[in-house]
Engineer: 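A single structure is presented below for examination.
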Amino acid sequence: MDPAVRLASTVADPLVSRLLLPTEAATDDGAHPGEPELLARIVSFRGADPPLGYEDLLALAEEFVARTAAQHHLPTRDEAPVATVLSRTLWTIGELPTTDAQAVRLGPQDYARTLRSAVPGADRELSPEAAWFHDRLLVTVCLHLLHQLIRRSPRLSERLPERAHRIRQLVDLNDVDAVRSRPEPSAHDAAFEARYARSVVELYNHVTIHGIDLPNPNTPDSWSLDATYLSLSAEFGAPGGAPPAGPDDGGSGEPVLSVDRALGGHERVLLRGVAGSGKTTLVQWLAVTAARDAFPAELATLRGRIPLVLPVRRFAREGFPGPDDFLHAVRHPLADEAPDGWVARVLTEERGLLLVDGIDEAPEAGRAALRDALRRLMRIYSGNFCLVTSRHSAVEPDWLADEGFDELALAPMNRDQVAAFITAWHTAAADDEGKDHAHLTTYRDRLLATIPLYRELRGLATNPLMCGLICALNRDRSGSLPQGRKELYEAAMQMLLQRRDPERRVLYADAVRLQRSARERLLRKLAYRMLTEHRSELTTPEALDEIGRHLPAIPAAAGQGGARGIFNHLLLRTGVLREQSARAVEFVHRTVQDYLAAKEAVEQGAFDLLLAHAHESEWEEVIRMAVAHARPAECARLLGGLLAPGHTGMQRNRRRLLAAACLEHVTELDPDTHARIRRETRHMVRPTTVAAARSLGWVGPIVLEMLPDPAHVPDDEAYRLAVTVTRISDDAAIHYLAQLRNRASLKLRAELAHGWRNFDTDRYAEEIISHLDPEGLYFPVSDRYELAALRKLGGRARVQIVGRFSPDELLEGLCLDQLTHLWLAYDLGASMDWLAAFPHLTTLRVNPRLPRVHGVPHGIRILS
């Protein structure tokens with residue numbers, strides 16, 4: 001949350017001061033001078049004879065609303081409900097055991113969240129717009145309250161100097177923003193914004209479905225975003241990577257939600273996801289939906305905003321641009337036509353939807369500067385929505401937490417999402433071919449039946465990029481699929497670079513005749529240059545120069561024409577490159593670039609270069625693929641280099657864990673090197689924090705061989721081990737987790753239940769779910785396979801619905817007589833009268849971001 005509802009301190013101070021006892025009265029309670037004070041002791045509405053009663057507090061809340069409602073166009077009908085909820089929220093200041101020092105340390109946003117969480121269910125009394133207004137107004141009130149605490153107690157500034165300075169700074173910025181006028185856009189700006197919105201739709205209303213080949217060689221391999229967008233799942237993490245937990249949540253923390261719904265109610269989000277997980281597609285969907293002003297109800301607070309898409313790869317070398325340079329930095333086609341100062345005016349008026357895509361595509365050494373620039377931008381223009389995307393390991397936990405960014409991680413696709421993607425892929429392919437092809441239906445059905453049966457394919461088909469490649473190769477190879485990561489990319493390169501045109505009978509599209517080897521070598525040169533220069537694109541002149549330098553050394557290409565002709569051939573005929581504008585070219589996906597760059601690095605014997613950058617997150621995938629391409633002696637040299645001395649701290653740990661992760665890609669390795677890796681990493685797999693446990697999962701199945709015996713660790717460590725192992729997509733992980741299934745710890749049992757979606761449904765149900773003590777535990781259900789499996793087990797008393805189901809599907813899938821507690825993460829409709837079918841249901845828990853529910857049968861308690 002961000003203090004987007006402004007209230008100048010000259011207005012706020014007299015109101016907020018009424019919440020606190022005078023300083024002399026507050027110190028006359030036996031507290032030791034200089035010690036932290038409980039806020040419950042110094043508020044004016046607690047104690048035997050409080051100066052302020054609840055009716056007075058309600059009147060004060062009404063004044064807060066009256067002072068701010070008009071500037072945010074809060075409907076008159078919502079003012080009284082907001083004031084009522086605000087008074088109840090402020091009342092909890094006197095009920096919670098929070099000291100003034102703890103409140104200042106939390107800061108206004110987190111302290112507001114603490115108060116808000118103490119009033120469950122209040123948002124059901126408010127419309128989505130009113131709930132948004134209440135939460136932002138609460139942050140503003142908390143900001144001025146903390147400022148009052150600092151002013152009345154100098155010891156807080158001495159003990160927490162950085163926090164105190166930050167609060168004073170926020171008050172100063174709030175004062176400046178509170179007196180700003182928010183005029184309607186001028187006629188000139190409004191006319192440009194209409195054209196800009198149309199251009200955003202034209203630029204981003206398409207999505208590449210990798211591997212579908214179109215019969216028209218001049219048509220790009222992309223489809224309408226409207227027809228193909230798949231809402232993936234995501235989950236929030238608390239600071240430090242620990243899952244948030246509530247007093248009655250069965251230890252499950254926040255559920256997995258659709259990512260677009262998870263964004264509701266948040267203004268600053270750092271979104272993490274693996275390569276190909278759909279981060280950029282989400283950015284495109286947000287941009288297009290904002291341009292059309294067509295956000296659904298759960299994202300109503302984003303309506304009316306102007307999308308500003310900022311792919312980091314466009315300005316990674318130059319640094320984060322200033323507002324006046326946004327459009328030029330990303331080479332927007334209307335950059336030269338924008339009115340002077342237009343972007344700055346949009347941000348000043350708090351109408352911006354900032355979408356910063358791909359922090360990981362900036363060199364690691366430059367990311368701190370990008371963060372500092374983004375911090376300055378968000379402090380100056382603090383009322384704008386901002387989404388930042390990154391690969392998981394590119395930035396540390398809480399990278400932007402000081403600026404109020406919540407962290408959201410894209411979850412792997414579950415079986416229902418994989419099935420939906422495969423169906424959409426084949427539908428798009430059939431529509432493109434213009435007629436009904438029975439073989440596409442056959443390939444689709446065969447693939448839907450095959451993926452659940454093979455562990456390697458299940459592990460790969462967890463994000464849209466890999467799932468799309470699997471679909472394309474399944475069709476291309478008539479159902480004969482590769483089942484490893486390297487093999488999958490080798491087959492994809494063969495399909496795109498060798499067989500693509502001949503099998504489509506595109507034989508004379510240009511005068512260039514190149515086979516796969518020559519095409520791949522030239523593409524590898526481009527990818528390798530991008531790698532060594534820490535870039536995700538080249539300008540067209542740079543690409544022409546690179547091709548021209550290497551043409552004489554590749555006889556098959558040297559006689560085919562000049563660099564321009566070869567470049568156009570690679571761009572139009574391979575499906576691997578794409579031109580972003582007349583001035584820049586990039587690979588269709590960063591993973592493809594990494595694969596080709598790794599192959600070229602091995603070909604050139606550039607092992608010293610790889611090892612010099614092995615601790616940098618953007619080189620991780622390159623090094624793993626290099627190990628897969630390397631010959632045995634080269635492989636030993638690479639892996640031995642990762643273990644060599646000369647690095648300390650985090651760099652040393654990352655290099656050793658990368659060595660362990662590379663073992664799954666090795667085709668041949670001498671036993672001594674293998675044993676050395678095992679020996680030197682064995683003691684690194686005892687994570688001491690939840691964040692470390694989560695990150696350890698990326699190493700892969702080799703970690704399972706190094707983890708301690710779960711029978712001899714305490715519950716806290718067992719929980720962290722479960723966090724690691726539930727993120728390793730390998731059947732052997734189930735065997736390890738089975739050794740934890742009989743523990744009494746609710747937190748551990750919840751993590752084991754939460755990991756269900758990452759494994760074969762039936763086997764996990766049989767070996768893990770069926771053995772978990774159900775006492776106090778919500779069992780999560782994310783797809784119809786898990787719903788059916790839980791029913792086979794006889795149902796459970798507490799169930800958490802984290803997938804999209806209709807009420808009829810739940811009535812059929814849940815055991816009616818078993819259910820006593822139901823947790824809904826999704827909106828299943830306005831009326832909950834269907835819950836009457838569950839005779840023993842006593843408690844309904846709904847996610848706080850859901851709309852208000854109606855028609856809940858009498859006798860069912862509602863929590864949020």
Side-chain angles (χ1 to χ4, degrees), residues 207 229-239 241-245 249 252-287 289 295-296 298-299 301-302 353 355-360 385-395 397-401 405-418 420-421 462-467 690-691 694-695 697-698 723 726-727 729 751 754-758 780-783 800-804 823-827 847-850:
V207 60
Y229 176 69
L230 174 68
S231 180
L232 300 176
S233 301
E235 54 190 332
F236 280 99
D249 65 3
S252 300
E254 285 209 30
V256 177
L257 298 168
S258 64
V259 64
D260 42 339
R261 181 179 294 279
L263 292 174
H266 296 266
E267 284 195 352
R268 299 182 181 189
V269 175
L270 172 61
L271 176 71
R272 298 178 188 264
V274 300
S277 58
K279 301 184 295 295
T280 297
T281 303
L282 173 65
V283 165
Q284 292 180 225
W285 180 82
L286 288 169
T289 308
F295 281 111
E298 56 268 23
L299 295 178
T301 57
L302 300 185
L353 183 73
L355 304 169
V356 185
D357 188 27
I359 286 292
D360 54 279
F385 176 90
C386 185
L387 174 74
V388 178
T389 74
S390 173
R391 291 192 191 185
H392 280 286
S393 57
V395 294
D398 301 335
W399 194 64
L400 285 168
F405 277 76
D406 297 300
E407 293 208 1
L408 182 65
L410 285 173
M413 295 166 66
N414 62 36
R415 284 175 57 167
D416 282 348
Q417 289 168 329
V418 170
F421 184 96
T462 56
N463 67 64
L465 171 67
M466 298 302 256
C467 209
V690 175
R694 287 182 172 179
S695 63
W698 73 269
V723 168
T726 53
R727 285 152 177 79
S729 297
E751 179 59 33
H754 195 64
W756 191 3
R757 69 181 189 274
N758 298 330
V781 175
S782 64
D783 58 39
Q800 182 187 47
I801 303 299
V802 297
R804 291 189 179 276
W823 185 350
L824 296 178
Y826 287 94
D827 180 17
N847 188 281
R849 288 182 283 274
L850 292 184

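Please read these numbers as outputs of a predicted model, since none were measured by experiment.
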Engineer: Kindly give the heavy-atom pair with the smallest separation between Gly273 and Leu410, and that separation in Å.
Structural biologist: CA-CB, 4.4 Å
Engineer: Which pair of non-hydrogen atoms, one from Val802 and one from Pro780, has the smallest distance, and what is that distance?
Structural biologist: CG2-CB, 4.4 Å
Engineer: Using salt bridge (Lys or Arg N to Asp or Glu O under 4.0 Å) as the criterion, list what pairs up with Asp357, not counting sequence neighbours.
Structural biologist: none
Engineer: For the atom pair CG (Leu286) and CZ (Phe295), what is the distance rounded to the nearest 0.5 Å?
Structural biologist: 5.5 Å
Engineer: How long is the straight-line distance from CG of Leu353 back to SG of Cys386, given to the nearest 0.5 Å?
Structural biologist: 9.0 Å
Engineer: Can you list everything that forms a salt bridge (Lys or Arg N to Asp or Glu O under 4.0 Å) with Asp783? Sequence neighbours excluded, please.
Structural biologist: none
Engineer: Please identify each residue that fulfils ring-ring contact (aromatic ring centres under 6.0 Å, His included) with Trp285, with sequence neighbours left out.
Structural biologist: Tyr229
Engineer: Output the distance between atom CG (Leu271) and atom CD (Glu407), rounded to the nearest 0.5 Å.
Structural biologist: 10.0 Å
Engineer: To the nearest 0.5 Å, how far apart are CG in Leu270 and CD1 in Ile359?
Structural biologist: 8.0 Å
Engineer: Nearest 0.5 Å please: distance from the CG atom of Asp406 over to the CZ atom of Arg268.
Structural biologist: 10.5 Å
Engineer: About how many Å separate CG of Leu263 and CZ of Phe385, when rounded to the nearest 0.5 Å?
Structural biologist: 5.0 Å
Engineer: Please list, chain by chain and in numerical order, all residues satisfying side chain to side chain donor-acceptor pair (under 3.5 Å) with Gln417, sequence neighbours excluded.
Structural biologist: Ser233
Engineer: What closest approach, in Å, do Asp416 and Ser782 show between heavy atoms, and which atom pair accounts for it?
Structural biologist: OD2-O, 4.4 Å
Engineer: Just so I know, are the side chains of His754 and Thr726 near enough to count as touching, which here means a heavy-atom distance under 4.5 Å?
Structural biologist: no
Engineer: Can you sort out the partners of Asn758 under side chain to side chain donor-acceptor pair (under 3.5 Å), two or more places apart, ordered by chain and number?
Structural biologist: none
Engineer: Closest approach of Cys467 and Val418, non-hydrogen atoms and distance?
Structural biologist: SG-CG1, 4.0 Å
Engineer: Do side-chain atoms of Ser390 reach the backbone of Arg272 as a donor and acceptor pair under 3.5 angstrom?
Structural biologist: no
Engineer: Would you indicate whether the side-chain heavy atoms of Arg727 and Val723 approach each other to under 4.5 Å?
Structural biologist: yes
